[in-house]
Amino acid sequence: MKFKICVIAITLFLLQGCAKEKQQIEENKEKKQIEENIEPQLKGAATIDGNTYYQTIDGLGFSSAWCGTLTTAKNDALYNTLGFSLLRVRFDQDNAWTDETNNAAAAHARGARVLGCPWKIPTAYRSGNTIPSNQYVNFCNWLGSAASAIKCDFVSIKNEPDGSSEDGNLDGSQIRDIIKAGGSNIGKPIVCADAINFNDTYTDPTLNDATAVAKISYVSGHLYGGGNYVHQNALNKGKRIWMTEYYVENSRDNMDNCLVLAKNINDCMNNQFSAYYFWWVNDNDASVNLVNQSGTIYKAGYTGGQFAKWIRPGKQRIACTYNPTPNIYLTAYRGGGLVIVAVNTGTSAVSQSFSVANVSGVTSLNIHRTSGNENMSSIGSVAVSGSGFTYTLPAKSITTFHQF
C-alpha cells in the first residue's frame, strides 16, 4: 500500500512538473511570436529625409561604341520612352567618326549629352604600348579635334588605361601629366580615368596635384571586379563621380540578371555616383543590349528606364534607409518631385513601410514597375498619409514611386 501511495505521489509530482514545463514552453512561444511580430516592423521601416542632400545626378546613359548609326526608332525608345540622358561614343583612332557623329546628333536632338572617349591610342602619338611625354600635347589636341568634330559635351582621356596593351596603357602619373600638359587644349570638361575596376591609383595622382585637379570635372571608372564604393578623395576635391561602363552577361532578357543590374545602379547611387552608363546597344549581342534597331525594348532596357525615366539630370539624392529589410534596396531623390526606387531581389513579396520627413506637398505617389511579366508598367498610385505609406513590393521586382 505504501508502495502504491509512493508511486501515485511520484506520478503526480512528475505530471505537475510536465505541466509547468509545458506552460513555460507555451509562454516562451507566445513571447517569441510577439517579438517576431514587432521586430520586422522596427527593422523594416525606411526613413526618407528631404533635408539631407547628397550628390546631384547627371543622368543615366549607354554606349554606342561599335554599334553603327542608331536608327530613329532605337533612339526614340532609348531617350524618349526609357529616359536615358547620356551617351558615350568612341573616338576611332583612324578618325572614322561618321557613325558616332550621327549618334551624337541624335542624342542632342533628344536633349541628351555626349561623352567621347578613345579606346585605342592612335599610332601617331604612341611609342610601344603607351604615349611618350613629347606627345602629350599632340594627343590632347587630337582629343579636342575629335570632340569638336563629333560635337561632344565631355571628353575622357582613355578607355581602360589599365586594359589591353594593344589599345595602349597609361598609369596614373601619366594621366596626370597628360592633363597638366595639354588638358586645356581639349576644350571640353574632362572625365578621368575609366580604369577597369575604378582603381583610385589611376585618379588619385590627378586629384592630388593642384594644377591637374583644376583641369578635370569628373572622376570615372568601370565596375569590372570592384570599385563600387564611395570615392571620398574625389568628393573632397569637389568632383562628381561617374560610372562609365558596366554590364552583366545574359541580362538582355533575363530578369534575375536584370535585378543584379538594378541593385548595381542603386549601389552606385547610394555610394554617391552622379552618372551611370550601360554597356552597349549592339544588335549583334544576344546577351547584352537595351533596345534593338527596330525600337523593341529588352528587359535590360526597362530595368534602366526604371531609374532613367524619373531620376532626371539635376535631381539630388536625399537620405533614405538603404537596406531596411533583407533583399530590399532603396534610394530617394528630390528636385522637381520626390522619386523613390525600390529593388526587391528576393523570392518573396515584402510589405515595406516608408516614413517621409521634410518633403512637403506629397499626398500620393505614382508607381511604375518592372518584373518578370511587367515592363515599366503603370501600377496606379499609393496615398501618402501622415508623412508615410506602406506598399507591398513584389518578389524580384523594381518599383519606382514618383510624385510627377
Aromatic plane relationship, [Y] with [X] - under 30° parallel, 30 to 60° tilted, over 60° perpendicular:
X: Trp310; Y: His402; answer: parallel
X: Tyr79; Y: Phe62; answer: tilted
X: Tyr125; Y: Trp142; answer: tilted
X: Trp119; Y: Trp279; answer: tilted

Please examine the side chains of [Y] and [X], heavy atoms only from C-beta on, and report whether any two atoms are closer than 4.5 Å.
X: Val343; Y: Ile328; result: no
X: Asp209; Y: Lys180; result: yes
X: Pro118; Y: Leu143; result: yes
X: Ile186; Y: Ile157; result: yes
X: Tyr276; Y: Asn264; result: yes
X: Ile367; Y: Ser378; result: no
X: Arg240; Y: Gln55; result: no
X: Val191; Y: Val155; result: no

Rounded to the nearest 0.5 Å, what's the gap from [atom1] on [X] to [atom2] on [Y]? Could you check?
X: Ile340; Y: Leu365; atom1: CD1; atom2: CG; value: 5.5 Å
X: Glu374; Y: Thr399; atom1: CD; atom2: OG1; value: 8.0 Å
X: Arg334; Y: Thr52; atom1: CZ; atom2: OG1; value: 10.5 Å
X: Asn75; Y: Leu70; atom1: CG; atom2: CG; value: 5.0 Å

Does atom NZ of Lys151 have more than 12 heavy-atom neighbours from other groups under 6.0 Å away?
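No - once you tally the heavy atoms of other residues, nucleotides and ligands closer than 6.0 Å, there are 12 at most.
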Lys396, NZ: over 12 other non-hydrogen atoms inside 6.0 angstrom
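For Lys396, atom NZ is not crowded (no more than 12 foreign heavy atoms under 6.0 Å).
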Less than 4.0 Å between a side-chain N and a carboxylate O, is that true for [Y] and [X]?
X: Asp285; Y: Arg252; answer: no
X: Asp153; Y: Lys188; answer: no
X: Asp92; Y: Lys120; answer: no
X: Glu100; Y: Arg90; answer: no

Tell me if a side-chain donor or acceptor on [X] pairs with a main-chain N or O of [Y] at a distance below 3.5 Å.
X: Asp171; Y: Tyr202; result: no
X: Lys215; Y: Gly183; result: no
X: Lys74; Y: Val281; result: yes
X: Asn266; Y: Tyr329; result: yes
X: Gln403; Y: Val339; result: no
X: Ser387; Y: Ala357; result: no
X: Asn197; Y: Leu223; result: no
X: Asp94; Y: Ala96; result: no
X: Arg110; Y: Ala112; result: no
X: Asn282; Y: Trp66; result: yes

Under 3.5 Å, is there a donor-acceptor pair linking the side chains of [X] and [Y]?
X: Asn327; Y: Asn344; result: no
X: Ser220; Y: Asp194; result: yes
X: Ser251; Y: Asn254; result: no
X: Glu160; Y: Tyr224; result: no
X: Thr69; Y: Asp99; result: yes
X: Asp58; Y: Trp242; result: yes
X: Lys239; Y: Asn233; result: no
X: Asn375; Y: Tyr298; result: no
X: Asn159; Y: Asp167; result: no
X: Thr244; Y: His222; result: yes
X: Asn292; Y: Asp283; result: no
X: Thr390; Y: Gln352; result: no

For Val291, run the side-chain contact (heavy atoms from CB on, under 4.5 Å) check against Asp76, Thr71, Leu82, Thr296 and tell me which one passes.
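Testing Val291 for a side-chain contact (heavy atoms from CB on, under 4.5 Å) against Asp76, Thr71, Leu82, Thr296 leaves exactly one candidate, Leu82.
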For the side-chain contact (heavy atoms from CB on, under 4.5 Å) test, which of Val213, Thr206, Thr211 pairs with Ile179?
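The option that passes is Thr206.
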Tell me, please, whether Tyr333 has Arg317 positioned over its six-membered ring: NZ or CZ under 6.0 Å from the ring centre and within 45 degrees of its axis?
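Judged by the rule, Arg317 and Tyr333 form no cation-pi pair.
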Show your reasoning for whether side chain to side chain contact (heavy atoms under 4.5 Å, CB included) applies to Val219 and Phe198.
CA-CA 9 Å; Val219 167; Phe198 216 136; 3.8 Å; yes
Which residues pass the side-chain hydrogen bond (donor to acceptor under 3.5 Å, both in side chains) test with Asn185, not counting sequence neighbours?
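So Asn185 forms a side-chain hydrogen bond (donor to acceptor under 3.5 Å, both in side chains) with Asn141.
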Suppose we call two aromatic rings close when their centres sit under 6.0 Å apart. Are [X] and [Y] close by that rule?
X: Phe389; Y: Phe401; result: yes
X: Tyr218; Y: Phe154; result: yes
X: Tyr277; Y: Tyr246; result: no

Side chain to side chain donor-acceptor pair (under 3.5 Å) between Gln174 and Asp177, intermediate numbers included:
CA-CA 5 Å; Gln174 286 177 290; Asp177 293 344; over 6 Å; no
